[in-house]
Structure formats: structure tokens, C-alpha cells
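On a predicted model such as this, the values are computed, not experimentally measured, just so you know. We count ligands from 1, going down the list as the structure has it; atoms in each ligand are counted the same way.
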Amino acid sequence: MLCRFEIHTRTMASTLRTQKVALRKAMRSLLANLSTDEIQAQSHQIARTLLALPEFQQSKNISCFLSMPAGEVDTSAVVSAIIASGKNLYVPKTTDKEQGIMDFFRIFGEEDLRALPRGLWGIREPDPEYMGQQRPTALSGSSEPLDLIVMPGVAFDRSLSRLGYGKGYYDRFLASYSAMLQGRQQQLHPRLVAVALREQILEAGQVPVGETDWRVDVIVGPDGIVES
Ligand SMILES: Nc1nc2c(c(=O)[nH]1)N(C=O)[C@@H](CNc1ccc(C(=O)N[C@@H](CCC(=O)O)C(=O)O)cc1)CN2
Ligand SMILES: Nc1ncnc2c1ncn2[C@@H]1O[C@H](COP(=O)(O)OP(=O)(O)OP(=O)(O)O)[C@@H](O)[C@H]1O
């Protein structure tokens, strides 16, 4: 027998799931209809704004995702700028698909970046080894702490809520990473900076969120930034 509280909790969870599925579906068809030229133009503006942010300029260790071939902000100018400015770049790699776990792996330069093979969904991901050595990763603690994470997503809203592709990779990573930092008595948490196409930025409250969803600190869009 379920008590009333449990029934309520389960109903809430399944409503949330249904709302997320519906929004993801609507957003994906909307994004699929944007032309490559349109995405490139918006990505160019987003990169300009992101690279000019003081918090970006002051960051030394930055995680940035490598874009899918379509339907997502193109981060190639951003990752190249991170490398060119001598900052350390880390990129996501899914390490356990069943459990939705990923980590961020260090990239050692433009040549390393360009040679990365494309995996699932056409996303480029590094091998865990580079030139016969294990790459430093965020969760293994073998790298300096991240100052900033450039976050992908399907939709965002003006209250800084985020909807991802539904596997919980970023939410789970952030929970683990936070726990790791706390265990090491490190007070500073990386800034969470989302990049979003105009069409992906919705009104406050339009992105449904649950207990494990992380809000971002800033959204960088083609028309400027959204922050609290
Ligand atoms: N460019 C980019 N890289 C990223 C992300 C992202 O959103 N964008 N991620 C952000 O999380 C992680 C990868 N996210 C993924 C999410 C789902 C599946 C996946 O297995 N998809 C299923 C289909 C599921 C469906 O259609 O609903 C599949 O391809 O079989 C793979 C990667 C890390 N890297
Ligand atoms: N910290 C966590 N611990 C355990 N499960 C989690 C955690 N974060 C998310 N999940 C689970 O992962 C699943 C997908 O979550 P959700 O729909 O929020 O993904 P998303 O935000 O779209 O994905 P992502 O974070 O990869 O972009 C949900 O079942 C959720 O409960």
C-alpha cells in the first residue's frame, strides 16, 4: 500500500517527466527547423559575448562541450579561443551510458582537438589516453579545479532553469563534482554558463524543474546575457 504522501510524490515526479518529454520534443522540432546559417550567425554573437565576460576571462580551467553537427550552439570558436589564450580546456566524455555518467577530460591543444573522433550523435569525444598518458579529468581529481563550465541544453528559461537531453549527465556530474569539492574543503564552485540560441530561451517558469536539476548562473544568448 502506498500512503497519500507517496502517491502525491510519485504523481509529481511523473507529471514532471511528462512535461519535460513534451518540452524536449517541441524544442527539438523547432531546432531542427533552424538553418545552419542561422545557427552559425547566432553562435558567432554568443561566442563574442561569452569571450568578453569577465568571469570567462578570469577563468583558467574551463569545461566546454563540443557541439553536435546540428541543432545546437556551435562552440568551435569558443574552444579554439580557450586553447589560444593558454587556458586549460576540458571536454565531456560519457563514461557510463547505463548510469548516465560523464567526466571532463583535458585537451592538450588545437591539434589534439582536431583529431578527436566523433562518437554517439556525432559528438567528438577524446580517448582517455593521450600520447600514452591518462588525460587529467575533473572527477578523478587529477586536474586543477574547474573555474567555469559552458553548459549545453535543449531549453532554458529566464529564471535560469535548464532542460537537457534527458539522460541527467550534467545534473549527475554537478552533484558528484560538488561532493568532491566539499570533501576537499574547497569553497569555490565552478560558474555555470549556459549558451543558448534565441529560440531556446523561454520565459521564467516555462522550463519544469525537479530536485536534481541545477540552475545555471548565466545564460549567454545571441542578444546578450540573462542572469539573476
Ligand atoms: N554537444 C554536446 N555534448 C554533450 C552533451 C550535449 O548535450 N551536447 N551532453 C549532455 O548531456 C552529454 C551527452 N549527452 C547524451 C545524451 C543522450 C545520449 C543518448 O544516448 N541518446 C540516445 C537517444 C535518446 C533519445 O533520443 O531520447 C541514443 O542516441 O541512442 C547520448 C549523449 C555530454 N556531451
Ligand atoms: N544527481 C542525480 N542523481 C541521481 N539521478 C539523477 C541525478 N540528476 C538527474 N538524475 C536522473 O536522471 C534522469 C534525467 O534527468 P533530467 O530529465 O533532469 O535530465 P536532463 O537535465 O535533461 O539531462 P542532462 O543533465 O544530461 O542535460 C532523471 O531520471 C533524473 O532523476
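The closest heavy-atom contact to atom 6 (C) of ligand 2, among the options Glu211, Arg172, Met102, comes from Arg172. When the heavy-atom distances from atom 27 (O) of ligand 2 to Lys20, Lys167, Arg162 are ranked, the shortest goes to Arg162. By heavy-atom distance, the residue among Phe104, Tyr170, Phe173 lying nearest atom 9 (N) of ligand 1 is Tyr170. For atom 27 (O) of ligand 1, the candidate residues are Arg124, Arg28, Met102; the nearest heavy-atom contact is made by Arg28.
Near Asp213, meaning under 4.0 Å from one of its heavy atoms, ligand 2 places the atoms 18 (O), 21 (O). Close contacts between ligand 2 and Tyr169 involve ligand atoms 24 (P), 25 (O), 26 (O) [criterion: under 4.0 Å to a heavy atom]. The distance from ligand 1 to the heavy atoms of Phe65 drops below 4.0 Å at these ligand atoms: 1 (N), 2 (C). For ligand 1, the atoms closer than 4.0 angstrom to any heavy atom of Met68 are 1 (N), 8 (N). For ligand 2, the atoms sitting less than 4.0 Å from at least one non-hydrogen atom of Ala175 are 1 (N), numbered in the order shown with element in parentheses. Against a heavy-atom cut-off of under 4.0 Å, Pro152 is close to the following atoms of ligand 1: 6 (C), 7 (O), 8 (N). Atoms of ligand 2 found under 4.0 Å from any heavy atom of Tyr170, numbered from 1 in the order shown, are 24 (P), 25 (O), 26 (O). For ligand 1 and Tyr165, the ligand atoms under 4.0 Å from any heavy atom of the residue are 7 (O).
Classification of Glu38 and Arg198 as a salt-bridged pair holds, one side-chain N sitting under 4.0 Å from a carboxylate O.
Residue Ser143 comes nearest to Tyr90 through the heavy atom pair CB-OH, 3.5 Å, listed as atom of the first residue, atom of the second, then distance. In this structure, Gln19 and Pro208 approach most closely via the heavy-atom pair OE1-CB, 3.5 Å.
In this structure a side-chain-to-backbone donor-acceptor pair under 3.5 Å is missing from Asp217 to Val193. With Arg124 contributing its side chain and Gly119 its backbone, the two residues share no donor-acceptor pair below 3.5 Å. Side-chain atoms of Arg135 come within 3.5 Å of backbone atoms of Arg106 as a donor-acceptor pair (strictly under, hydrogens ignored).
Centroid-to-centroid, the aromatic rings of Phe105 and Tyr130 stay 6.0 Å apart or farther.
Here the protein heavy atom with the shortest distance to atom 23 (C) of ligand 1 is Trp121 CZ2, 3.6 Å. The protein non-hydrogen atom at the shortest distance from atom 4 (C) of ligand 1 is Ile123 CD1, 3.8 Å. Looking from atom 9 (C) of ligand 2 to the surrounding protein, the closest heavy atom is Thr212 OG1, 3.4 Å. For atom 17 (C) of ligand 1, the closest non-hydrogen atom of the protein is Lys167 CG, 3.2 Å. Scanning the protein for heavy atoms near atom 20 (O) of ligand 1, the closest one is Leu120 CD2, 3.5 Å. Among protein heavy atoms, the minimum distance from atom 15 (C) of ligand 1 is reached at Tyr169 CE1, 3.5 Å. Nearest to atom 21 (O) of ligand 2 among the protein's heavy atoms is Asp171 OD2, 3.0 Å. The protein heavy-atom contact nearest to atom 34 (N) of ligand 1 is Pro92 CG, 3.8 Å. From the protein, the heavy atom lying nearest to atom 17 (O) of ligand 2 is Arg24 NH2, 3.1 Å.
When hydrophobic clusters are built by joining Ile, Leu, Val, Met, Phe, Trp and Tyr residues whose side-chain heavy atoms come closer than 4.5 Å, directly or via intermediates, Val207 is not grouped with Val220. A single hydrophobic cluster is seen to contain both Leu51 and Leu146, as judged by linkage of ILVMFWY side chains at heavy-atom distances under 4.5 Å, directly or through other members. In the hydrophobic clustering of this structure, Leu163 does not group with Met102; members are Ile, Leu, Val, Met, Phe, Trp, Tyr whose side-chain heavy atoms approach within less than 4.5 Å, directly or through other members.
In terms of N/O distances under 3.5 Å, ligand 1 is approached by Leu66. At least one N or O atom of Glu72, backbone or side chain, sits closer than 3.5 Å to an N or O atom of ligand 1. Taking only nitrogen or oxygen atoms, main chain and side chain alike, Gly166 reaches within less than 3.5 Å of ligand 2. Looking at Gly168 next to ligand 2, an N or O pair under 3.5 Å apart turns up.
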CA sep, side-chain torsions, deciding dist, call: Thr95, Asp103, side chain to side chain donor-acceptor pair (under 3.5 Å): CA-CA 7 Å; Thr95 49; Asp103 197 354; over 6 Å; no
Should Glu72 and Phe65 be marked as a side-chain contact (heavy atoms from CB on, under 4.5 Å) after you check the CA-CA gap, both sets of side-chain angles, and the distance that decides it? CA-CA 11 Å; Glu72 199 172 46; Phe65 65 96; 3.7 Å; yes
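Here the straight-line distance linking atom CZ of Phe104 with atom CG of Asn88 works out to 15.0 Å at 0.5 Å rounding. Atom CD1 of Ile101 sits about 7.0 Å away from atom CZ of Arg172, to the nearest 0.5 Å.
Here Lys97 has no heavy atoms under 4.0 Å from ligand 1, in either its backbone or its side chain.
Distance screen at 4.0 Å: atom 29 (O) of ligand 2 has no protein heavy-atom neighbour inside the cut-off. When distances from atom 30 (O) of ligand 1 to the protein are checked, no heavy atom turns up under 4.0 Å.
Judged by the shortest distance from any of its heavy atoms, Ser67 lies inside the 4.0 Å radius around the atoms of ligand 1.
Side-chain contact annotation: Gln206 with Asp157, donor-acceptor N/O pair under 3.5 Å absent. Using modelled atom types, one finds a donor on one side chain and an acceptor on the other under 3.5 Å when comparing Gln40 with Asp74. When only modelled atom types and interatomic distance are considered, Ser142 and Gln134 share no side-chain donor-acceptor pair under 3.5 Å.
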